[in-house]
Amino acid sequence: MRNKTALWFALALALQLLILIGVSAQQFIARTTGRSVVLKVQPVDPYSILSGYYVTLGYEISSNGGFPRNAGEPNTDPNPGGIVYAIVERQDDGLWHPVELASSLPTSLPENRMVIRGRYVGGRIEYGIEQFYIPESKRDVINKDLREHLGDARVELKVDADGNAALVKLLIEDRVYGN
């Protein structure tokens with residue numbers, strides 16, 4: 001009886017461990033195997049940048065309107081809750097800018113293009129990179145830096161082959177804040 005109890009306890013513990021690993025595996029894989037992408041940050045709410053101990057970030061790829069129109073044809077709105085793929089292209093300024101919004105993962109792209117996987121939620125596209133967590137000791141410094149240099153704020157992402165993105169750094173002018 002004692003061996004059965006120990007076995008059930010070990011199985012329950014292993015299951016919980018697998019759940020924890022699974023939750024963070026996607027971010028870990030993107031960080032370790034992904035290519036670097038640098039995006040310009042857009043303010044979500046310029047009057048309330050901090051909420052708790054994280055900064056909420058927005059991007060030009062966060063709305064359907066941030067993508068260029070093809071030959072005068074409007075981009076169609078994705079299905080609510082549906083998966084979408086933002087195709088971004090590296091420009092001369094060193095930043096990656098949106099060029100197309102696709103409903104399926106492209107099979108091949110030129111070297112200067114990448115795809116970022118998102119989900120259409122409440123009229124916006126979320127990529128899982130909208131919050132940048134900061135230590136309490138740097139909260140005031142980062143908040144001040146963002147308010148003074150918001151037009152110069154960028155983020156560095158790592159994006160894996162499936163388009164999963166992980167937020168790596170917040171860049172403000174020559175200052176780097178790691179995540």
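Index from 1, following the sequence. Given the structure is predicted, the values throughout are model-derived calculations rather than measurements.
Listed for the Arg147 side chain is no donor-acceptor partner under 3.5 Å among the backbone atoms of Asp145. Judged by distance alone, with hydrogens and angles left aside, the side-chain atoms of Gln16 form no donor-acceptor pair with the main-chain N or O of Ala14 at under 3.5 Å.
One hydrophobic cluster, built from ILVMFWY side chains closer than 4.5 Å, holds both Val37 and Ile172. Placement of Val115 and Val99 within a single hydrophobic cluster is found when ILVMFWY residues are connected by side-chain heavy-atom separations under 4.5 Å, directly or transitively. By the criterion of side-chain heavy atoms lying less than 4.5 angstrom apart, applied directly or through intervening Ile, Leu, Val, Met, Phe, Trp or Tyr residues, Leu170 is grouped together with Val141 in one hydrophobic cluster. Linking Ile, Leu, Val, Met, Phe, Trp and Tyr whenever their side-chain heavy atoms come within less than 4.5 Å leaves Val176 and Leu39 in two separate clusters.
In this structure the side chain of Ile83 reaches within 4.5 angstrom of the side chain of Arg117, judged on heavy atoms. The side-chain heavy atoms of Ser36 and Lys158, taken from C-beta on, include a pair separated by under 4.5 Å.
When all heavy atoms of Ala153 and Leu146 are compared, the closest pair comes out as CB-CD2, 3.9 Å. Tyr177 approaches Phe132 most closely through the heavy-atom pair O-CZ, 3.2 Å. Counting all heavy atoms, side chain and backbone alike, Met114 lies closest to Leu109 at C-CD1, 3.9 Å. Between Leu57 and Ile129, the closest heavy-atom pair is CD1-O, 4.4 Å. When every heavy atom of Ala165 is checked against every heavy atom of Val159, the shortest pair comes out as CB-CG2, 4.1 Å.
To the nearest 0.5 angstrom, Ile116 atom CD1 is 11.0 Å from Asp160 atom CG. Within the model, atoms OH of Tyr120 and OG of Ser62 stand 12.0 Å from one another, a figure rounded to the nearest 0.5 Å. With values rounded to the nearest 0.5 angstrom, Lys40 atom NZ is found 14.5 Å from Ile61 atom CD1.
Judged as a side-chain hydrogen bond (donor to acceptor under 3.5 Å, both in side chains), and not counting sequence neighbours, the contacts of Glu148 are Lys144.
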Got a list of side-chain donor-acceptor pairs under 3.5 Å for residues 84-96, not counting sequence neighbours?
{"from": "Glu89", "atom 1": "OE1", "to": "Gln91", "atom 2": "NE2", "distance (Å)": "3.0"}
{"from": "Glu89", "atom 1": "OE2", "to": "Arg113", "atom 2": "NE", "distance (Å)": "2.8"}
{"from": "Glu89", "atom 1": "OE2", "to": "Arg113", "atom 2": "NH2", "distance (Å)": "3.1"}
{"from": "Asp93", "atom 1": "OD1", "to": "Leu95", "atom 2": "N", "distance (Å)": "2.9"}
{"from": "Asp93", "atom 1": "OD1", "to": "His97", "atom 2": "NE2", "distance (Å)": "3.4"}
{"from": "Asp93", "atom 1": "OD2", "to": "His97", "atom 2": "NE2", "distance (Å)": "3.0"}

